[in-house]
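Encoded as structure tokens, the structure appears first; notes follow it.
Residue numbers begin at 1 in each chain, while the letters A, B, ... track the order of the sequences.
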Amino acid sequence: MTLRLYNSMGRTKEDFVPREAGKVSMYICGPTVYNHIHIGNARTFLSFDLIRRYLEHRGFDVAFVQNITDVDDKIIRAAAEAGVTAAEVASTYSDAFLKAMADLGVEKPTAQPRATETIGPMIEMVERLIERGHAYVVDGDVYFAVRSFTGYGKLSGRDIDDLESGARVGVDERKNDPLDFALWKSAKPGEPHWTSPWGEGRPGWHLECSVMSEMELGVPFDIHGGGSDLIFPHHENEVAQSEAATGKPFARYWLHGGMLNINAEKMSKSLGNFTLLKDVLEAYPAPVLRLLMLQTHYRSPLDFSTERLEEASTAYERFANMVRMITWLRDRPAPGIGAGVADREALQTVVTEVRARFAADMDDDFNSAGALGALFELARAANGFLSANETVLSAPDLDVLGDAAATVIELLGVLGVDLPAGETGPSLPVGVIAIAAEVAGYSGDDTSAAMDALLEARAAARADKDWARADAVRDGLAALGVRVEDTAAGPRVIVSEN
RNA sequence: GGCGACGUCGCCAAGUGGUAAGGCAGAGGCCUGCAAAGCCUCCAUCCCCGGUUCGAAUCCGGGCGUCGCCUCCA
């Protein structure tokens, strides 16, 4: 089976053949750290985390580089507004970004260069571009001459002349051509600056990624990714800079993630319709947010809403319940006579088929929505088996069920969606002791013994058909976030995460 | 105005030539003392029109609509 992916350069799905067998080098544009990231930013980072995880699952050794842009106009502006230095703004929000990625469960990059730590190589690339006739100096600024690079526009599918007639490009008299962009900007008083052959200044945004990717990975590297809004001009300019400077192709595959919308409109800081990631994570666990994102293909636009988060929560519970139930059953004796061999084999077959579908879907340009569909079907098959055989389960039955649950855990894990860890989840709240004292006459101080006493009291009450007393136990526990569910194998206790 | 993407059940969404996955919501049923969880059944012919084909949601043409990029933006 070959892995196929959609290459923005050429706009077609292609077989993925890495530069070096078994290894993948990828570079993803990181954030400009002038604020907390919003969930639209988070979507892109989750998409590329998915891609990375799947490549690793497929056995590739992945070099994953993501920059942090810690010097930029926006940072300078934010600093001025807050009355602090640009370096302080950058430091605050790069820490916040790293924490956000950790909270989301995004795997750490193998390298995470910062613009301010890469100034030397950036100056070198600008010098190379000037030497080769692709850039020119005006009053301490350096511009890239777009018309000097014949391939300009090949990534975004634009024609230079069309762009110029677009008339939305700001005219700067000092530029030879309105489309020329800054490689190096001279510093105004109070702005961060570094010494260069053209005077004190700072690098242009597009330059950073060209330099950091080449520095970490060499060119051409395999995959360059980012949000689709970066295709033009950011990535187009990167191609121009890097290929003009090195004379070699830059990135072999360009992958772009779809935008996250709110009310069918792109979420962005400039539109003011954004929701910060940290606020979402306060209300919903990271796996739920991930599940929501994964139910849409990474290249498609995704409409975000609280309703969808609620739906994703319900869907997530479906997986969690299935795994929890099977894990719980496997921890207890299974003296039943067993389901029919045919039933067991049928479930085993579903496991095998689902694994194959998962792989086929993910191999097809990382179709996580299709892959998730397969996993939901496996959950239904396992639940159905359970439902049909719950009173006769045998050890071999539990083995097959265990295989189904393990498959769900493993493959969701490949997608980065972690499930609550079965019975090793949160421990019982101390409140159960008080309830046990009140309802079951328990006098110790051990939560586990208190719970046993409560379950015993409830079983006795149910045997006596004393529903009020039985419900007092269940309702009292529910108030503490402890659920009691009656199953064919006895009452099952579930402690919620919070 | 230029370039591009998209339009599939109430909502979300996969499927790119062989007869519509999945999730959420809804209806009915089963299980339960009641619940919860779960199971079963039901629930679309794919924006419109025309064409190609034995056969199209899938290809082509024309509409209509939505969105993105063209300026900083994940």
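Base engagement by A:G40 is indicated by at least one non-hydrogen atom pair under 4.0 Å involving a base atom. A:M267 comes within contact range of at least one nucleobase, with a heavy-atom separation under 4.0 Å. Nucleic acid contact for A:R474: base, since at least one base atom lies under 4.0 Å from a heavy atom of the residue. Contact annotation for A:L230: backbone-only contact, meaning every heavy-atom pair under 4.0 Å involves sugar-phosphate atoms and none involves a base. Across all strands shown, A:I494 has no heavy atoms under 4.0 Å from either base or sugar-phosphate atoms. Among the atoms of the strands shown, base atoms are found under 4.0 Å from some heavy atom of A:R458. Contacts of A:R43 with the nucleic acid, taken as non-hydrogen atoms under 4.0 Å apart, are absent. Contacts of A:T296 with the nucleic acid, taken as non-hydrogen atoms under 4.0 Å apart, involve only primed sugar atoms and P, OP1 or OP2.
With hydrogens and angles left out, the side-chain atoms of A:R324 and A:N321 include a donor and acceptor closer than 3.5 Å.
Donor-acceptor pairing under 3.5 Å, judged by distance alone, is present between the side chain of A:D486 and the base of B:C34. The base of B:A5 lies outside donor-acceptor range of the side chain of A:R299, with no N or O pair under 3.5 Å.
Contacts of A:T2 classified as side chain to side chain contact (heavy atoms under 4.5 Å, CB included), with partners at least two apart in sequence or in another chain: A:R4, A:D15.
Across all strands shown, B:C11 pairs with B:G23; the Watson-Crick or G-U wobble distances both stay below 3.5 Å. Across every strand in view, B:A57 sits unpaired, with no contact that passes the Watson-Crick or G-U test at under 3.5 angstrom.
For A:E456, the CD atom sits in a loose shell: 12 or fewer heavy atoms of surrounding residues, nucleotides or ligands are nearer than 6.0 Å.
Nucleotides B:G1 and B:A57 are separated by 33 Å at their P atoms, to the nearest Å. One C1' atom belongs to B:A14, the other to B:A44, and the distance between them is 15 Å to the nearest Å. B:C39 and B:A25 have their P atoms separated by 13 Å, with the value rounded to a whole Å. For the P atoms, the distance linking B:C64 with B:G10 amounts to 25 Å, nearest Å.
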Check nucleotides 23-30 of chain B for protein N or O atoms closer than 3.5 Å to its own N or O atoms and list the pairs.
residue : atom : partner : partner atom : Å
B:G23   : N2   : A:E311  : OE1          : 3.4

Would you tabulate the pairs of protein nitrogen or oxygen atoms and nucleotide nitrogen or oxygen atoms of nucleotides 15-20 of chain B closer than 3.5 angstrom?
residue : atom : partner : partner atom : Å
B:G15   : OP1  : A:N367  : ND2          : 3.1

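Nearest to the side chain of A:R462, among B:C39, B:A74, B:U32, sits B:U32. Closest contact between the side chain of A:R357 and the listed nucleotides B:C3, B:A74, B:A21 involves B:A21.
For A:Y253 and A:Y6, the gap between ring centers reaches or exceeds 6.0 Å.
A:N321 has a side-chain polar atom (N or O) that falls below the 4.0 Å cut-off from OP1 or OP2 of B:G38. OP1 and OP2 of B:C34 both lie 4.0 Å or more from every side-chain N or O belonging to A:K465. At the phosphate of B:A14, OP1 or OP2 sits under 4.0 Å from a side-chain N or O atom of A:S300.
Pairing each heavy atom of A:C29 with each of A:E238, the nearest pair is SG-OE2, 3.8 Å.
The CG atom of A:L5 sits 5.5 Å away from the CG atom of A:L255 when rounded to the nearest 0.5 Å.
A donor-acceptor distance shorter than 3.5 angstrom exists from the side chain of A:E236 to the backbone of A:K154, with no hydrogens or angles considered.
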